Colleague: 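I have a structure here, written as structure tokens, and I will follow up with some questions on it.
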Amino acid sequence: MARIVMKFGGTSVADLDRIRNVARHVKREVDAGNEVAVVVSAMAGKTNELVGWAQQMPRASGANLPFFDAREYDAIVASGEQVSAGLLAIALQSIGIDARSWQGWQIPIRTDGAHGAARIVDIDASTLIERFGRGQVAVVTGFQGIGPDNRIATLGRGGSDTSAVAVAAAVKADRCDIYTDVDGVYTTDPRIEPKARRLSKISFEEMLEMASLGAKVLQVRSVELAMVHKVRTFVRSSFDDPDAPGMGDPVNPPGTLICDEDEIVEQQVVTGIAYAKDEAQISLRRVSDRPGVAAGIFGPLAEAGINVDMIVQNISEDGSRTDMTFTVPSGDVDKALSVLEKVRETVGFDVLQHEAGMMKVSVIGIGMRSHAGVAATAFKALSERGINIRAITTSEIKISILIDGAYGELAVRALHSVYGLDKQ
Ligand code: ADP
Ligand code: ASP
Ligand code: MG
């Protein structure tokens, strides 16, 4: 007997037939004698619809709010999960499984007060464990908890992955299975490169980079939690036949295992390619070159809640002026420009330029630590296809390159092929 947390994403619960199919996956694990808690997302497209409704509402007049009341935003967008959890509980009951739905606040899953992007701070596992004892399946709404203000708080888009791993850590589950619309983590997004291959294992560090650099198969925070709490996490498909041979394998279920580096015997130099669309480039030209300039630029941007990513600064030619380029999400450009205009005098720069529609492609692999020439290979592959590089950043296990978004898919495929990822 094992204790398992099973998470089903939006496409897995997209309609009533799929919810019935999910119930069969759950039944298989219950029938095998396991203790099971389930975490669900909203039905596919539902959260987008709810976010759209919230965004269309006018701001309260005179309210000193940056966008709209984030607590009400959370009350709206968290509702999708309530529906799918209730439907799945009914589907389970109809096939003879004792089940009930739980909303985040009922467990409770406690979060901090950052409405819209809250972090889980604590989960009281006692109720869930007591229900395991009764043989009951808890169907928990993903993506949400309750903040210190006693109101619903959501965890940021894709947050049900994080709910699932956090619940798994809290109940000390043997495994957390993330069921989605692909049968594992691939060398790159299989929607862009059909030659992408499924990885049987990927290290926590690499998965963290893949997720942070755009691979939305897992939310970044869920990987962090899995790494810190050593949760054995599998990514697998809900579209597989629930009763196919091997589906209930307790040790090696089909899918990709996210694990410690030393569990991976044959480590490749490059493991995967990730991409992030909708990046915008902002350049400050002829910035005065003196201590305090970077702080004067990025401090106010951070205070405005703008997530700055790649930063490139030139060494100045004459010691007096330099150029500073960085990227922000396209949706934040206007806000960033207005912040920068306010500091133009104090920082001292001549021209402010910006361009949206950029894409960041990244090459990721732990093997890079001990191999030279990985970056040069990427630059050559892009140059052979006439793709211009706008900015580059590197870390020990990744290289990120900013390019024009129109060449994004071509670049992903070129990099995927140049490291032989479609062949191994
Ligand atoms: P869910 O609704 O189940 O949470 P998501 O849409 O959030 O599913 O994540 C699954 C999607 O992630 C896949 O359909 C796939 O297009 C995308 N994806 C991006 N990069 C990868 C990758 N490296 N491996 C697998 N899937 C990826
Ligand atoms: N339903 C939420 C979203 O679409 C959470 C999730 O699916 O993980 O972002
Ligand atoms: Mg997701």
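No experiment lies behind these values; they were computed from the predicted model shown. Both counts, for ligands and for their atoms, begin at 1 and track the order of listing.
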Colleague: Should the proximity of T187 to ligand 1, defined as any heavy atom under 4.0 Å, be assigned to the side chain, the backbone, both, or neither?
Modeller: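 For T187, there is no contact with ligand 1 at all, from either part.
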Colleague: Report yes if D161 has an N/O atom closer than 3.5 Å to an N/O atom of ligand 1; otherwise report no.
Modeller: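 D161 vs ligand 1: no N/O contact under 3.5 Å.
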Colleague: Pull out every atom of ligand 1 sitting under 4.0 Å from any heavy atom of A215, numbered as shown with elements.
Modeller: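 In order of number, 20 (N).
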Colleague: Could you tell me whether some N/O pair between K216 and ligand 1 is separated by less than 3.5 angstrom?
Modeller: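 It does: an N or O of K216 is found under 3.5 Å from an N or O of ligand 1.
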Colleague: Atom 7 (O) of ligand 2: which protein heavy atom is closest, and how many Å away?
Modeller: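 Checked against all protein heavy atoms, atom 7 (O) of ligand 2 sits closest to S41 OG, 3.1 Å.
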Colleague: Under a 3.5 Å threshold, yes or no: a donor from one side chain and an acceptor from the other, between R28 and H25?
Modeller: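 Yes, a side-chain donor-acceptor pair sits under 3.5 Å.
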Colleague: Check contact between G9 and ligand 2, using heavy atoms of the residue and a distance below 4.0 angstrom.
Modeller: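 G9 does not count as a contact of ligand 2 under the 4.0 Å cut-off.
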Colleague: Answer with yes or no whether the side chains of T187 and H416 bring together a donor and an acceptor at under 3.5 Å.
Modeller: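 On atom types as modelled, these side chains qualify, holding a pair under 3.5 Å.
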Colleague: Does S238 come within less than 4.0 angstrom of ligand 1, counting non-hydrogen atoms of the residue?
Modeller: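 No, that is not the case, since the closest heavy atom of the residue is not under 4.0 Å from the ligand.
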Colleague: From the options D181, V217, I192, select the one whose nearest heavy atom is closest to atom 13 (C) of ligand 1.
Modeller: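 Nearest option to atom 13 (C) of ligand 1, by heavy atoms: D181.
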Colleague: Looking only at side-chain N and O atoms, does T162 offer a donor or acceptor that is under 3.5 Å from a partner on Q219?
Modeller: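 Distance-only check passes for Q219 and T162.
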Colleague: At less than 4.0 angstrom from any non-hydrogen atom of Y186, what atoms of ligand 1 do you find?
Modeller: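 In order of numbering, the contacting atoms are 22 (C), 23 (N), 24 (N), 25 (C).
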Colleague: Under 3.5 Å, N or O to N or O, is G158 touching ligand 2 that way?
Modeller: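 The answer is yes, given that G158 and ligand 2 share an N or O pair closer than 3.5 Å.
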Colleague: Which ligand 2 atoms, with their elements, are less than 4.0 angstrom from a heavy-atom of R157?
Modeller: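 Answer for ligand 2: 3 (C), 4 (O), 9 (O).
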Colleague: Given ring pair (Phe, Tyr, Trp, His ring centres under 6.0 Å), test F239 with Y179 step by step and report yes or no.
Modeller: CA-CA 9 Å; F239 296 159; Y179 286 82; over 10 Å; no
Colleague: Does S101 have any side-chain contact (heavy atoms from CB on, under 4.5 Å) partners at least two apart in sequence or in another chain, and if so, which?
Modeller: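 For S101 the side-chain contact (heavy atoms from CB on, under 4.5 Å) partners, ignoring immediate neighbours, are A85, A89.
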Colleague: Please identify each residue that fulfils side-chain contact (heavy atoms from CB on, under 4.5 Å) with S330, with sequence neighbours left out.
Modeller: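 Residues passing side-chain contact (heavy atoms from CB on, under 4.5 Å) with S330: D278, A280, A356.
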Colleague: Among all protein non-hydrogen atoms, which one is nearest to atom 25 (C) of ligand 1, and what is the separation to 0.1 Å?
Modeller: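 Residue, atom and distance for the closest contact: G184 O, 3.4 Å.
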Colleague: Please report the closest heavy-atom contact between C176 and V231, naming both atoms and the distance.
Modeller: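 Reported closest heavy-atom pair: CB-CG1, 3.7 Å.
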Colleague: Given 3.5 Å as the limit, does a donor-acceptor pair link the side chain of N21 with the main chain of S238, or not?
Modeller: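 Checking the backbone N and O of S238 against the side chain of N21, a donor-acceptor pair under 3.5 Å is found.
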Colleague: I'd like to know if the side chain of Q136 reaches the main chain of R100, judged simply by a donor and an acceptor atom lying under 3.5 Å from each other, with no hydrogens or angles considered.
Modeller: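 No, the answer is negative, given that no donor and acceptor are paired below the 3.5 Å cut-off.
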Colleague: Which residue supplies the protein heavy atom nearest to atom 8 (O) of ligand 1, what is that atom called, and how far is it?
Modeller: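 Result: T180 OG1, 3.1 Å.
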Colleague: Under a 4.0 angstrom heavy-atom cut-off, which atoms of ligand 1 come close to R191?
Modeller: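 It comes down to these atoms of ligand 1: 13 (C), 14 (O), 15 (C), 16 (O).
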Colleague: For ligand 1, which atoms sit closer than 4.0 Å to a heavy atom of V185?
Modeller: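 Counting atoms of ligand 1 from 1, those under 4.0 Å from V185 are 24 (N).
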Colleague: Can you give me the closest heavy-atom contact between V182 and V217, atom names plus distance?
Modeller: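 Smallest heavy-atom distance, with atoms named: CG2-CG2, 4.4 Å.
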Colleague: Of all the non-hydrogen atoms in the protein, which one sits nearest to atom 15 (C) of ligand 1, and at what distance?
Modeller: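 The closest heavy atom on the protein side is D189 OD1, 3.4 Å.
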Colleague: How close does the nearest protein non-hydrogen atom get to atom 4 (O) of ligand 1, and which residue and atom is it?
Modeller: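 The closest heavy atom on the protein side is K7 NZ, 3.2 Å.
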Colleague: Indicate yes or no: does an N/O atom of G10 lie under 3.5 Å from an N/O atom of ligand 1?
Modeller: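 Yes, at least one N or O pair falls under 3.5 Å.
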Colleague: Distance only, no hydrogens: is a donor on one side chain within 3.5 Å (strictly under) of an acceptor on the other, for S79 and Q82?
Modeller: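 Checked: S79/Q82 side chains show no N/O donor-acceptor pair below 3.5 Å.
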Colleague: Quick check on contacts: which atoms of ligand 1 are under 4.0 angstrom from a heavy atom of M210?
Modeller: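 Counting atoms of ligand 1 from 1, those under 4.0 Å from M210 are 23 (N).
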Colleague: Tell me whether ligand 2 is touched by E81 - counting only heavy atoms on the residue side and a distance under 4.0 Å.
Modeller: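 Within the 4.0 Å threshold, so yes.
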Colleague: Got a donor-acceptor contact below 3.5 angstrom from the E29 side chain to the N34 backbone?
Modeller: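 Looks like no, no N/O pair under 3.5 Å.
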